[in-house]
Amino acid sequence: MKIDVVSVFPEYLQPLDLSLIGRAREKGLIDLGVHDLRRWTHDVHHSVDAAPAGGGAGMVMKPQPWGECLDELVFDAGEARPRLLVTSPAGRPFTQAMARELAAEPWLMFACGRYEGIDQRVVDYAADRMEVTEVSIGDYVLFGGEVAVLAIVEAVARLVPGVLGNAASLDDESHNAGLLEAPAYAKPAEWRGHAIPPVLLSGDHGKVDRWRRDQALLRTAAARPDLLERLDPGSLDQRDRRL
Ligand SMILES: NC(=O)c1ccno1
C-alpha cells in the first residue's frame, strides 16, 4: 500500500516512523511519503493561506499550492490515481468498517487541512479526477488534520496483511464484529485485592470463549447500546439473546 500525506507540519507525522508502522515500511508493506505543502509555494514567506472570501475569522488554505502539489504527486506522475482523504470535522465519521475499506485501497493520499480549512475548489477539482472522501475522527475540532491522519493511518495500516505479527488478534477486537471486546487480564492471578475471573484460569477454552462473548455483549450494552441496535440479529445465538 502506498500512502502520501501532505501537511504544513510534516514533523507531526514522525510517529509513523515508529513501531509496527515503521517496521511495515522497512518490510515494504507500506510505502509512506510525507510532503511539506510549502514545497509548492513561490513567495518568500512560503504562504499557504489567505483571508476567507466573504470575510469572517481565521484564514483559509489557498488552492494554488494544493493544485501544484497534486500536479507533481499525482497528475504528472502517471495514470494511477490515489483515493484522496481530506481530514475535517465536517467529514464522514471514520469507523473500523471504513478502516477496512481503506485498507483495500492500493494508494491513499491524505490532505491535512489547517486554519479554517482548505479552499473548497481544491476538493471539487480533485473530485473530478479521483475519489475524494472528507473524513472525521470525531465530532470535535483539532488545530489541523495531522492528528486525525495519524489515527486513520494507524487504524488502516494494522489491517494491511503482514503488518500485524498475529493476524488472529484482529478477530475479537472491538468493532470487528460489531461488538466491543471483552476485558483483558494477565497474571498475577491476584493484584491489589482484584482477582482474574477464575474462568480465565480454568483451561476450559469453551467456557473462556463463552465468558468473553458474554462480557463483550454486556460491555457493548453498557457503553455502546447503539452498536447493539445495529447488530445483525442473525449473529446472536439463543444464549446471547438471554443476556
Ligand atoms: N474531527 C476531525 O477529524 C478533525 C480534523 C481536523 N479537525 O478536526
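We count ligands from 1, going down the list as the structure has it; atoms in each ligand are counted the same way. Positions are given from 1, in the same order as the sequence printed here.
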For a quick check under 3.5 Å, do [X] and [Y] share a side-chain donor-acceptor pair by atom type?
| X | Y | value |
| --- | --- | --- |
| His42 | Glu68 | yes |
| Asp31 | Trp107 | no |
| Arg83 | Thr133 | yes |

[X] versus ligand 1: do any nitrogen or oxygen atoms come within less than 3.5 Å of each other?
| X | value |
| --- | --- |
| Val141 | no |
| Gly138 | yes |
| Leu142 | yes |
| Tyr140 | yes |

shortest atom 3 (O) of ligand 1-to-protein heavy-atom contact is with Ile137 N, 2.9 Å

Of all the non-hydrogen atoms in the protein, which one sits nearest to atom 6 (C) of ligand 1, and at what distance?
Gly144 O, 3.6 Å

Are Val208 and Leu179 in one and the same hydrophobic cluster, where Ile, Leu, Val, Met, Phe, Trp and Tyr link if side-chain heavy atoms are under 4.5 Å apart?
no

Could you tell me which atoms of ligand 1, counted from 1 in the order shown, lie closer than 4.0 angstrom to a heavy atom of Ser136?
1 (N), 2 (C), 3 (O)

For Gly113 and ligand 1, answer yes if some heavy atom of the residue is under 4.0 Å from a ligand atom, otherwise no.
no

How far apart are the closest heavy atoms of Val163 and Leu29, and which atoms are they?
N-CD1, 3.7 Å

Phe9 vs Tyr12 aromatic rings, parallel, tilted or perpendicular, using cut-offs 30° and 60°?
perpendicular

